[in-house]
Structure formats: structure tokens, C-alpha cells
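Shown next, in C-alpha cells, is the structure this report addresses.
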Amino acid sequence: MIVADRKKVPEIRDMIKDHSRVLLVGCGTCVTVCLAGGERETGILGSALRMALRLIGRGNVVVDECTIERQCENAFIDLLAPRVKPYDAICSLGCGAGVQALADRFPNTTVYPGVNTQFIGILEAPGVWTEKCAACGNCRLGEFVGICPITRCAKRLLNGPCAGSRDGKCEIVAERDCAWQLIYDRACALGVLEQFARIAEPHDWSTASDGGPRKVIREDQCIAGLGPKA
Amino acid sequence: MDEISKMSEYKPSRLERAIRSGQFVVTSELGPPKCADAEYVRRKTDCLVGRVEAINVTDNQGANVRMCNWATALLILERGGEPVLQFTTRDRNRLAIQADLIGASALGIKNAFVVSGDHITLGLHRTARQVSDVDPMHVLQMVKRMANPGVLDSGEELRNSPKQPIQPVRFFIGAAENPFSDPQEFRIMRLAKKIAAGADFIQTQCVFDIERFREFMAEVRNKGLHEKVAILGGIVLARTVGALTFMKTRVPGISIPEEIMQRMERAKEQKRSEEEGIAIAAELIQQCRKIEGVRGVHLITLEREELAEPTLQKAGLLPRPDF
């Protein structure tokens, strides 16, 4: 899932303080699962913002909340449309895709982000989410026994650990696992360590954000005659 | 002139000649200054010229901005020293790495050395981007292809027009290896990969734990790797027990035996830390020299280049032969 964490209340307060009516919009998908921008968090943020605004003498700013199922899909945004009109600003608690989808759909309403979108990852332990995928568009997990060095090695090394690997941990953050120790351990367990004697090719970043903004086009899914929507 | 004759005209670097001679070689390093202080580079170069075969020029060491590596290397060259141009994969993508190598070659710099570099977050520009487009293994491969057949990573030939002959860019190229980092088994494998990728020489992480270095070298010999690459043991001249403690606790992948810590503790009480530091470094050099397959040492003076001479003197490595 996409993992996000909520921006601090003062940051959001300062973004919205000059508006008169602000709608906080939660999202029922990834950010609900990672406890950053679901219905519950949106409600809590609404209360916090109302208090924070009052404390700086902006108690007149109206802050309301609602949550839609998925901010990254137009079908769900349509259900939100009738509610948006009375507001001069939206603060989206969806991921960066959600924020932009709302901005696209409501050209006359200012849209602010309420969360910082972090990464694609998993819940590792209660309250701890870990990045697993950098979405580079060119998956090589098959080469690396299912552990991604592009995402999980701080130096994106593709050919083994740097000198900073100690006791299985990364030199950057002591409590973070060294991806190459994990790869090594798993390769040993699978009996395939020898495959790492081969030099892994440099990565092709053209499919990552380095290649410019990305799009996936499935001709078979495009409506006949209309072609891919540019 | 065809490419082969062009290549045969090439005079190898002093470091390459020294290593090929089979004699025990000595390299050292110089950290470029934080400002445009050319005099600083010249002064430090003067401490090392004639005492070592080549001088590594670090590349934004510690992930902090310093005078760029090739300009520092040029100052060393002008002073009669022989630079080894260090490259990290932290600050440059493959275009920048190759462009700098071409430029350095044009300036007469003949040795290079590639490392992944201290991570960007360990320096003072913590909000900057860690480039890491390629890893050191790939840089070694690029360097080899720039020499033969004389092409860039893109496949483009190193010439300005199809009518010109290819102008290969040739470097005597080194890489790092840490005999003391985890996972141990992977270290030897990685060393073999670096050799396959094209490394001509290896400078190791600093050796204090000579026993573990011996074990590492035994493994290297088992695999016959010492015959394929020149391994230089890294020796750090630590002048205070504080420096040792810092390395032991804060620098990953350094193993320092208790005995050395105690010697430096005693020396501190007797106010002869510097002398003891020099003595320890000289002993480690001599011990490295006795290990089969170790072709030389890389002396890191921690910014005290003037101590290279007494250390090497004590280790019995001066005067240096003329390579």
C-alpha cells in the first residue's frame, strides 16, 4: 500500500487559515489502512484544526470533514462533488495522487495536502511501516531473491554490501536492516548464493521518474475509437 | 595511427609501474581543502612526494563539499606528485563520472579509484539527493570499456568524428574492500566481482586487526585472487586514543584489537601518543608486508601528511625505489 503520515497541525493550520470554509477530505483506501487519513484521522484532524485556528484568532474559519472511498478514482470523487461547492478550500488526506485528482476535478477550489506521502510499503509491526518498493518501473526482484536493493539499500548498491554493513545493520540508521545482509541470508537459505557471483547490470532508470512523468497505457482497456486519453 | 599503437605508446602511471615491478608499494592520501586554498594542497603534496608512489585524492570526503577531485589532482600533478583520483557514486551519475574521467585523462591523471562513498546523510548537506545511479562495480566496467574498445557506457565511441581514430581513455583503476565488514563470505565474493569488473588494485579498509586481515588474505589466496589484483592494506596513523575510540565505535567495519587500545592508553598517560601511533602504524605496515599476497600499503595520515615520512622511515620503507 501507499504509506503516508499526517502533516503537523500547525502546518495545515497555516495553509488554511486565510480561507473561510475548508473541507477536509479523508480517503478510505491506503491512508485509512496506514492510519494517516481515514475517516477517524480526518475527524481528529478536524477537531484539532478548529482548536488551533481558534487559538490564533481564526475561529471563524469553518472546518468540516468527510471521507470518500477512494480519492484516486473519478467514480468516487463524483460522489464528493455535490458537497464541495460551499467551500473555498479542500484539504485532502489522500496520498499525492488523491490530492492531485481532487485539484484536477475541482479547478475553482484550492486544494492542500494534509499528509506527506511516504512510500509503497507494508505494516511491519504495530505503528511501524517499512518501505518495500521504489516503483522504479523495472522490477528486478527475481534477481535479488525477492529483496529490493534499489529500495532498501541506502546506496542502491546492486552488487553486494558496502563497508558500512555491521551486524546486519545499515550504517545510515543503526536500527535499519542492511538489505544486503538480508539478501545474503536468504540466498544462503535458498542455496543460491552463487548466483550473486555474477555482476548485476546497472539499473535502467528510464522507467523510473528519471524518464519523465510516467503513464501506463493498456490499449486493450482503452475505449475503442477514442484511443488512450491524452 | 591505429588504436593498438596508440595504446602501446601510453606510458603507464608510476603506481602501475611500481605494482608491476613486484616491489612493495606505498600510497597515501590527501583530503582536498574546504576552500580554494591551492597552497594547502601544495604543502601537503610536498610532504608526500618522494615518500609514496601515489596520492589518493578523496572526493567530497565525509559527504561534505571540498575542492573537486580533479582540480586537486592537477595541483598535485603540477607539484610532481602522482594523484589517484577517487570517485564516489554518491554525487555523480554515469554522465558526470565519464565526463570527469575524460577530463582527468586529458589533464594527465592516470590513476582512479572508485567507492560508493559516505552516504549523503552523514555529511552536512543532508537535504541533497544521493545520486547512486550506478554502483562502483559499474564504474569499474565503464572505465575498462573506455580504455578498450574505447567506448562510453552509451556505446558511443571516444572520438569527435568518425574520421578520427578512437582515443581510448586509460586509467589504472582501483576499488575498495573491507576485510572486516559483514557478511564475511560475501566480502571475498565481492572482491572477485570487482576483479572481474576490471579492478587493477584494491586499497582495503584500515587494518588494525592483523589476525583477521591474515585470515582474509588466506581466503583471498585460496581463491587465487591475489594473483589477479594488487591488494594494498589500508593503514591508519591514529595519533590519539580518542581517534581510535571514535573509529572503533563510530566507523562501521573497523576492528581494533584491545591490545592496540591499551598501548595508546598507556602512551596517552606518558604523553607520547603521537610517537606510539607512528610506532603502531609502522609495525602494522611491517606485518602487512609479511602476508603473502599483500602488495603494498595505503597510509592514511588523517590530515597529518608530514607524519608519513617518519612512519615509513620506521617501517623501513624509505627511501622509495625509483619506479
Side-chain angles (χ1 to χ4, degrees), chain A residues 134 136 138 140 143-145 147-189 191-206 208-211, chain B residues 63 88-90 93-94 97 115-123 126 129-142 153-154 175-198 203-206 223 234 249-255:
Chain A
C136 70
N138 177 18
R140 297 171 69 179
E143 272 179 69
F144 301 106
V145 291
I147 295 162
C148 180
I150 289 164
T151 313
R152 297 170 70 186
C153 169
K155 296 178 179 176
R156 292 194 279 276
L157 297 178
L158 301 183
N159 284 289
C162 75
S165 178
R166 181 153 63 174
D167 302 326
K169 299 297 172 188
C170 173
E171 72 171 354
I172 312 303
V173 185
E175 62 273 14
R176 223 157 280 171
D177 290 328
C178 166
W180 277 100
Q181 180 73 50
L182 298 174
I183 292 172
Y184 171 79
D185 291 344
R186 188 163 157 78
C188 289
V192 295
L193 186 62
E194 268 316 299
Q195 85 185 40
F196 289 93
R198 206 190 64 242
I199 296 170
E201 293 274 304
H203 198 60
D204 174 356
W205 298 107
S206 68
S209 56
D210 306 77
Chain B
T88 73
T89 52
R90 177 193 59 226
N93 66 7
R94 55 196 101 174
I97 291 169
V115 282
S116 53
D118 297 310
H119 193 268
I120 202 92
T121 56
L122 301 179
R126 293 186 188 93
R129 209 144 194 218
Q130 164 94 19
V131 177
S132 297
D133 171 25
V134 287
D135 77 15
M137 216 68 76
H138 305 135
V139 179
L140 292 170
Q141 290 179 318
M142 279 195 284
D153 194 54
S154 60
E177 195 46 82
N178 188 344
F180 313 106
S181 283
D182 299 323
Q184 286 285 318
E185 196 185 347
F186 219 131
R187 294 288 147 194
I188 299 286
M189 218 165 142
R190 199 156 164 268
L191 176 62
K193 282 168 89 162
K194 284 187 173 168
I195 296 167
Q203 290 165 332
T204 74
Q205 176 64 282
C206 31
K223 300 263 192 292
T249 55
R250 303 281 296 279
V251 184
I254 292 191
S255 162

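Within every chain, numbering begins at 1; the chains are lettered A, B, ... in the order of the sequence lines, protein sequences first and strands thereafter.
Considering only heavy-atom pairs separated by less than 4.5 Å from chain A, the leading option among B:Met189, B:Gln205, B:Met142 is B:Met189. Options B:Asp153, B:Thr89, B:Ile254, B:Asn178 differ in how many heavy-atom pairs under 4.5 Å they form with chain A, and the most are formed by B:Asn178. Of the listed residues (A:Ala174, A:Pro161, A:Gly164, A:Ala197), the one with the most heavy-atom contacts under 4.5 Å to chain B is A:Pro161.
Expressed to the nearest 0.5 Å, how far CZ of A:Arg166 lies from OG of B:Ser255 amounts to 10.0 Å. With rounding to the nearest 0.5 Å, the separation of NE2 in A:His203 from CG in B:Asp135 is 12.0 Å. The CG atom of B:Asp133 sits 7.5 Å away from atom CG of A:Asp210, with the distance rounded to the nearest 0.5 Å. Atoms CD and SG, on B:Glu185 and A:Cys188 in that order, are 5.5 Å from each other to the nearest 0.5 Å.
Side-chain atoms of A:Leu157 and B:Pro136, non-hydrogen and from C-beta on, do get closer than 4.5 Å to each other. Looking at A:Gln181 and B:Asp182, their side chains come closer than 4.5 Å, going by heavy atoms from C-beta outward.
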Stepwise side-chain contact (heavy atoms from CB on, under 4.5 Å) test for A:Ser165 and B:Arg187 = CA-CA 11 Å; A:Ser165 178; B:Arg187 294 288 147 194; 4.2 Å; yes
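Looking at B:Gln141, only its side chain comes within 4.5 Å of chain A, counting heavy atoms on both sides. The contact between B:Arg94 and chain A is made entirely by side chain atoms (from C-beta outward), counting heavy-atom distances below 4.5 Å. Heavy atoms of A:Ala200 lying under 4.5 Å from chain B belong exclusively to its backbone. With a threshold of 4.5 angstrom between heavy atoms, B:Val131 approaches chain A through N, CA, C or O but not through any side-chain atom. In this structure, the portion of B:His138 lying under 4.5 Å from any heavy atom of chain A is its side chain and not its backbone. Contacts between A:Asp185 and chain B at a heavy-atom distance below 4.5 Å are absent for every atom of the residue. Using a 4.5 Å cut-off between heavy atoms, B:Ala192 makes no contact with chain A at all.
A tilted orientation is assigned to the rings of B:Phe186 and A:Tyr184, their planes being inclined by 30° to 60°.
Under a cut-off of 6.0 angstrom, the local environment of CD in A:Glu201 is sparse, with at most 12 non-hydrogen atoms contributed by other residues, nucleotides or ligands.
Nearest heavy-atom pair, B:His119 versus A:Glu171, reported as atom, atom and distance to 0.1 Å: N-OE2, 4.2 Å. Contact record, A:Cys162 with B:Ser116: CB-OG, 3.9 Å, taken as the closest heavy-atom pair.
Of all residues in residues 148-155 of chain A, those placing a non-hydrogen atom less than 4.5 angstrom from a non-hydrogen atom of chain B are A:Ala154, A:Lys155.
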